[in-house]
Chemist: 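This structure is in structure tokens; I'll ask about it shortly.
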Amino acid sequence: KIAKIIGFMEDISSRKALEEHLRNQATYDELTGLLNRDAAISHFKKQLGLAKRQYTPLVMVKINIGAENCLEGLSNQAKNDAIRTSSQYIYNHIREADVLARVEPEKLLLLLPNTSEKDALKFISNIVEPETNLTLDLPEGVKRELQFCAGVAIFPEDGDTIEELAESANLAVESCAISHLKIALN
């Protein structure tokens with residue numbers, strides 16, 4: 001016969017909230033809400049493995065969201081607003097299966113699974129050369145047009161690993177900046 005039951009209760013909701021917050025910090029970029037570099041590499045490796053097994057095309061694109069020095073001279077707050085605005089604009093224009101990540105302060109990495117070179121170039125050109133200019137409203141009514149350029153790397157032609165593809169896309173985006181192009185293939 002049980003006479004008494006003694007128990008303890010403790011509210012761990014704050015601990016659970018902290019765990020969730022730390023998990024998000026480990027996965028997402030705080031400024032843009034996009035995947036961070038480490039989380040993206042994990043996703044990219046899975047997509048590359050799938051492309052290898054299924055013999056499907058895969059395209060990696062490095063996007064410079066500060067092309068043509070459009071972010072130069074901005075305050076930190078304005079630069080952050082430009083990065084956030086640009087990232088959101090690009091995110092809103094990609095497909096559900098695509099993966100977008102912020103990998104450097106002014107650079108994003110986009111993975112386009114099951115996408116041919118021709119389709120990727122058309123898709124990317126719609127992003128980096130939009131029909132209407134993407135502008136940032138600065139204090140005192142000043143507007144700054146945001147400029148993008150993109151370096152494209154194609155699996156397997158430009159690399160067989162995520163690291164090789166990323167390096168190839170990086171070289172292509174650097175050549176964009178030098179040549180004042182919007183899109184470059186490595």
Side-chain angles (χ1 to χ4, degrees), residues 27-45 47-48 51 57-72 74 76 78-136 144-155 157-159 161-186:
T27 307
Y28 298 101
D29 176 67
E30 190 175 348
L31 178 64
T32 63
L34 300 176
L35 289 174
N36 64 25
R37 183 181 186 81
D38 292 337
I41 295 298
S42 174
H43 283 287
F44 290 177
K45 286 182 177 179
Q47 287 292 332
L48 180 61
L58 183 74
V59 176
M60 182 179 282
V61 183
K62 191 158 198 181
I63 302 170
N64 180 353
I65 56 180
E68 301 293 329
N69 299 316
C70 70
L71 303 182
E72 205 167 274
L74 293 179
N76 284 339
K79 194 178 284 192
N80 286 346
D81 290 344
I83 291 167
R84 196 178 303 108
T85 299
S86 300
S87 300
Q88 193 60 50
Y89 168 80
I90 294 168
Y91 182 80
N92 289 339
H93 286 83
I94 63 174
R95 304 165 301 185
E96 190 174 339
D98 301 335
V99 182
L100 182 64
R102 182 174 180 215
V103 293
E104 293 178 39
E106 297 176 14
K107 293 195 174 91
L108 307 177
L109 209 51
L110 173 62
L111 195 70
L112 304 171
N114 296 316
T115 307
S116 68
E117 176 181 338
K118 179 183 171 190
D119 291 341
L121 292 174
K122 182 178 177 185
F123 183 75
I124 293 303
S125 100
N126 289 332
I127 291 174
V128 300
E129 299 176 292
E131 290 179 14
T132 58
N133 293 337
L134 185 61
T135 58
L136 180 66
R144 175 82 63 104
E145 186 177 337
L146 299 176
Q147 300 283 325
F148 307 130
C149 69
V152 179
I154 297 152
F155 166 76
E157 296 89 327
D158 296 322
T161 67
I162 290 301
E163 292 77 12
E164 291 171 351
L165 287 170
E167 180 60 28
S168 183
N170 194 52
L171 291 172
V173 83
E174 286 174 9
S175 76
C176 264
I178 293 168
S179 308
H180 302 286
L181 298 170
K182 292 287 189 177
I183 302 172
L185 291 165
N186 190 21

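Side chains included, hydrogens not; waters and symmetry mates left out as well; all remaining heavy atoms used. Sequential numbering from 1 along the given sequence is applied to the chain's residues. Quick caveat, the model's predicted, so the values are computed rather than measured.
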Chemist: Give, for atom CG of Leu34 and atom CD1 of Ile83, the distance between the pair rounded to the nearest 0.5 Å.
Modeler: 11.0 Å
Chemist: With rounding to the nearest 0.5 angstrom, report the CG to CD1 distance, Asn126 to Ile94.
Modeler: 14.0 Å
Chemist: Got a second to check how far Leu31's CG is from Ser87's OG, nearest 0.5 Å?
Modeler: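 Going from CG on Leu31 over to OG on Ser87, the span is 7.0 Å.
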Chemist: Give me the atom names and distance for the closest heavy-atom approach of Ile124 to Ala150.
Modeler: CG2-CB, 3.6 Å
Chemist: Which heavy atom of Leu134 sits nearest to which heavy atom of Phe148, and what is that distance?
Modeler: CD2-CZ, 3.5 Å
Chemist: Just checking Asn76: does its CG atom have more than 12 heavy atoms from other residues, nucleotides or ligands closer to it than 6.0 angstrom?
Modeler: no
Chemist: Between Asp158 (side chain) and Ile154 (backbone), is there a donor-acceptor pair under 3.5 Å?
Modeler: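 A pair under 3.5 Å: yes.
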Chemist: Can you measure from CZ (Phe44) to CG (Leu165) and round to the nearest 0.5 angstrom?
Modeler: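 The distance works out to 10.0 Å.
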Chemist: Between Lys62 and Glu174, does any NZ, NE, NH1 or NH2 come within less than 4.0 Å of an OD or OE carboxylate oxygen?
Modeler: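 A salt bridge is absent here (no side-chain N lies under 4.0 Å from a carboxylate O).
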Chemist: Quick one: are Val128 and Cys149 in side-chain contact, heavy atoms under 4.5 Å?
Modeler: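 They are not in side-chain contact.
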Chemist: Between Asp81 and Arg84, is there a salt bridge with N-O shorter than 4.0 Å?
Modeler: yes
Chemist: State, with a plain yes or no, whether a side-chain heavy atom of Leu71 is found less than 4.5 Å away from one of Leu146.
Modeler: yes
Chemist: Would you name the heavy atoms of Pro113 and Leu58 that are closest together and state the gap between them?
Modeler: CA-CD1, 3.6 Å
Chemist: Taking atom CZ of Phe123 as the centre, does the number of heavy atoms from other residues, nucleotides or ligands within less than 6.0 Å exceed 12?
Modeler: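 Count over threshold, so yes.
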Chemist: Do Lys45 and Glu163 meet the salt-bridge criterion of a basic N to acidic O distance under 4.0 Å?
Modeler: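 Yes, charged N to carboxylate O under 4.0 Å.
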Chemist: If you take all heavy atoms of Arg144 and Glu72, which pair is closest and at what distance?
Modeler: NH1-O, 3.1 Å
Chemist: To the nearest 0.5 angstrom, please state how far the CZ atom of Arg102 sits from the OG atom of Ser86.
Modeler: 10.5 Å
Chemist: Looking at every heavy atom in both Leu100 and Leu110, which two are closest together, and how far apart are they?
Modeler: CD1-CB, 4.0 Å
Chemist: In the structure I gave you, are the side-chain heavy atoms of Leu121 and Val59 within less than 4.5 Å of one another anywhere?
Modeler: no
Chemist: How about Leu35 and Tyr28: do any of their side-chain heavy atoms sit closer than 4.5 Å?
Modeler: yes
Chemist: For the atom pair CD (Glu104) and CZ (Arg37), what is the distance rounded to the nearest 0.5 Å?
Modeler: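 Those atoms lie 7.0 Å apart.
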Chemist: Looking at Ser116 and Pro57, what are the two nearest heavy atoms and their distance?
Modeler: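 Minimum heavy-atom separation between Ser116 and Pro57: N-CG, 4.1 Å.
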Chemist: Find out whether Leu111 and Leu48 are in side-chain contact, i.e. whether some heavy atom of one side chain is under 4.5 Å from a heavy atom of the other.
Modeler: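 When only atoms from C-beta onward are counted, Leu48 and Leu111 do not touch, as no gap falls below 4.5 Å.
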Chemist: Within the 4.5 Å heavy-atom criterion, are Met60 and Leu109 side-chain neighbours or not?
Modeler: yes
Chemist: Within a strict 4.5 Å, meaning less than it, do heavy atoms of the Arg95 and Leu112 side chains meet?
Modeler: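 Yes. Closest side-chain heavy atoms under 4.5 Å.
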